[in-house]
2 protein chains.
Amino acid sequence: MGSRLGDRGTGRPTLEAVAALAGVGRGTVSRVVNGAAGVSPRARSAVEHAIAELGYVPNRAARSLVTSKADAIALIIPETETRLASEPFFASIIRGVASELSDTELQLLLILVSTQRERERLAGFLDGRRVDGVLMVSVHADDPVAELVERTGLPAVLGGRRSEMEPLNYVDSDNLRGAWAAVRHLVGLGRQRVATITGPPDMEASGVRLEGYRRALEEAGLAVEAKLIAHGDFSEASGEQAMAELLEREPAVDAVFCASDLMAVGAMRALRRADRRIPQDVAVVGFDDSPVARHTEPPMTSVRQPSEEMGRAMARLLLEDIATPGRSHRQIILSTELVVRESA
Amino acid sequence: MGSRLGDRGTGRPTLEAVAALAGVGRGTVSRVVNGAAGVSPRARSAVEHAIAELGYVPNRAARSLVTSKADAIALIIPETETRLASEPFFASIIRGVASELSDTELQLLLILVSTQRERERLAGFLDGRRVDGVLMVSVHADDPVAELVERTGLPAVLGGRRSEMEPLNYVDSDNLRGAWAAVRHLVGLGRQRVATITGPPDMEASGVRLEGYRRALEEAGLAVEAKLIAHGDFSEASGEQAMAELLEREPAVDAVFCASDLMAVGAMRALRRADRRIPQDVAVVGFDDSPVARHTEPPMTSVRQPSEEMGRAMARLLLEDIATPGRSHRQIILSTELVVRESA
DNA sequence: GGCCGTAGTGGGCGCGCTCCCAAATCGCTC
DNA sequence: GAGCGATTTGGGAGCGCGCCCACTACGGCC
């Protein structure tokens, strides 16, 4: 019996059904739906009514098939350790990205990659051009995922960079100035033996923060001593361990700049165990200004990174890159800010 | 000039190109790709070689168009306030979901909904059947988003429930027993004036946790007094405020069970301001066992929810529901566990 | 030797859409 | 009133794939 036009498959109305109801051709409906020019007001209105009446929603797969655009971007999080859980940093990034995308037709795909298998799946996924662009955070220097992304030639934006010559577009925070400001603050407090706990050596941010530390000391006329530098991996445990080492190597240490809040938390724990008062005996500054910084005892002075803004900027950059593929290589550096609380 | 088969659009090989190279028909290639039976070893091997040589990856849009499946599920987070940022709970859920999906062909779409506009977009999105199923967390009793999802008839699983008669499938943690265990612990410590700070009244979990509090008190032969019950909204600020009220209404309070860690943090702050020692004067228990619980001073006793496992269970349930749509209404309750630290 | 399975195979059809071109219509000008 | 460009319109073609049906081969059976 008279099965109406476009009423075959899922029962959802098609372009054709709308066209029939509006008494126009498919082309016209398509033009209206896509906001293209060259449609008479009469036709447009007829189509709009038909769309409303039928509750028409374009089929994305069909559109995608012909335009060969995916209408989606991926946010890749290389989920080493259990960082996603403990790093509100990522959550903020996600927020920023999502908010920037919200008046776009683009979908946000979240892709967590930790195992080798997942990496391979990601490769197939990108090769299949299932997304129009890629956002990636927490990249290490020789990150295989980043290299994978680079190979695909897809528009991509990194949060953070792998080196000073990062070939991909990226958004980063001003780690140098942030670290510098933190250490300068410590020096300004009259501290003489200022130590630092760095991040993982294969991350650019670690090196840059260390450099900021160096410069601030040099400017203050203080020596940069190897025994005042300990290495961590951004985790709480590594911070505790590193602080213990520092105390052993230089008992007279009176301040420490940690390249992450989590490490600062660990450091504070080590200090407490060693019966040092914070900040009287040892002043502590962290980096990230994550929520945990407000809850330490005493509340932690930390370098704020505008993480949500970072997410937004990343999304913006990617959008531009997708729109104008030939576009030149770009980067954005967001400024940081020292939030002074009671630990230093 | 001889433009090779399937070499028109994006330059990526198509089924047809693979078929040509392997010297078979499209149907056979399709069968191999989809692991269907009824392909001779000879043909299969030829096709596999051709696929490898060409680096063929199926075009998802085309497949999607004909199967009318989206190959994706959505994780919807109604992002009231700035909870995503501060709630590692969500991050764990995401982790769990992603890990459960990782050996599936399904994509995870993250959808944050806060404004009315975004809600409308979501409606169109779901109506467009752009996903095969929906996961949703943090649902309030009269959540318009949940109702929207319910209307679409899409397979859906909630994290938490809206009422005891939740019509949608859901995964929840055992709030009743969790709260009960917490309060029982406080009573076991000899506390006589045990207060509670509840979550937002329009969330089922709040009511259930309060009920757990009630039962534990009753079992201990203690009266449940209105002045010992204050209401918050899970946020830190609300916890601080509620604790202040409690202290005013009943200065003799010697313990407080908070329905979230964040509120417990706020409560601890209020207690400190009122010069009460924790736990000597007032014992404090939180709920969630979020990372922040380990960093309070003193470290907080809290009820652990298996949030990552919740995410996994949600995904599992949804997968089943997608596979077998007629399936009956199901729910999973995950058990909680009291983690005793120093605050109680 | 003819007949009927059964496993394997090829390819037409259509999913819903955008692209594009030819056709229709309109409004002016001379 | 004819002519011409500009605007608007309809609909064919084809995106890459899964579904399905017709067809071929190959045995084994009576």
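So you know, we letter chains A, B, ... as the sequences are listed, proteins then strands, and number each from 1.
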Grab the [atom1]-[atom2] distance between [X] and [N] for me, whole Å please.
X	N	atom1	atom2	answer
R31(B)	dA7(C)	CZ	P	14 Å
R63(A)	dC19(C)	CZ	C1'	13 Å
E16(A)	dA13(D)	CD	C1'	14 Å
I51(B)	dC17(D)	CD1	C1'	13 Å
L65(A)	dC15(C)	CG	C1'	9 Å
D71(A)	dG16(C)	CG	C1'	15 Å
R12(B)	dC17(D)	CZ	C1'	13 Å
R26(A)	dC19(C)	CZ	P	13 Å

Look up atom [atom1] in [X] and atom [atom2] in [Y], then write down how far apart they are to the nearest 0.5 Å.
X	Y	atom1	atom2	answer
D172(A)	M314(A)	CG	CE	10.0 Å
I73(A)	L318(A)	CD1	CG	5.0 Å
I332(A)	L334(A)	CD1	CG	7.0 Å

Taking only the side-chain nitrogens and oxygens of [X], find out if one of them lies under 4.0 Å from OP1 or OP2 of [N].
X	N	answer
S30(A)	dT18(C)	yes
S64(A)	dC17(C)	no
T28(B)	dG10(C)	yes

So which nucleotide from [options] ends up closest to the side chain of [X]?
X	options	value
V66(A)	dC15(D), dG16(D), dT9(D)	dC15(D)
V24(A)	dG10(C), dC17(C), dG10(D)	dG10(D)
N59(A)	dC17(C), dG18(D), dT9(D)	dC17(C)
Y56(B)	dC17(D), dG18(D), dG16(D)	dC17(D)
T14(B)	dT18(C), dT9(D), dG16(D)	dG16(D)

Within the 4.0 Å heavy-atom criterion, would you say [X] contacts the bases, only the backbone, or no part of the nucleic acid?
X	value
A61(A)	nothing
L15(A)	base
A19(B)	nothing
R60(A)	nothing

- Message: Side chains of V139(A) and Y170(A), heavy atoms from C-beta outward: is any pair under 4.5 Å?
- Response: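 Side-chain contact under 4.5 Å: no.
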- Message: Under 4.0 Å between a side-chain nitrogen and a carboxylate oxygen: does that hold for R312(A) and E309(A)?
- Response: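 Salt bridge present between R312(A) and E309(A).
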- Item | Residue among V157(A), I93(A), I76(A), I111(A) satisfying side chain to side chain contact (heavy atoms under 4.5 Å, CB included) with L135(A) |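 Result: among V157(A), I93(A), I76(A), I111(A), V157(A) is the only option passing the side chain to side chain contact (heavy atoms under 4.5 Å, CB included) with L135(A).
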- Task: By nearest nucleotide on DNA chain D, pick out whichever of A62(A) and R44(A) is the more 5' one.
- Result: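 Checking each residue's closest nucleotide, the 5'-ward one belongs to R44(A).
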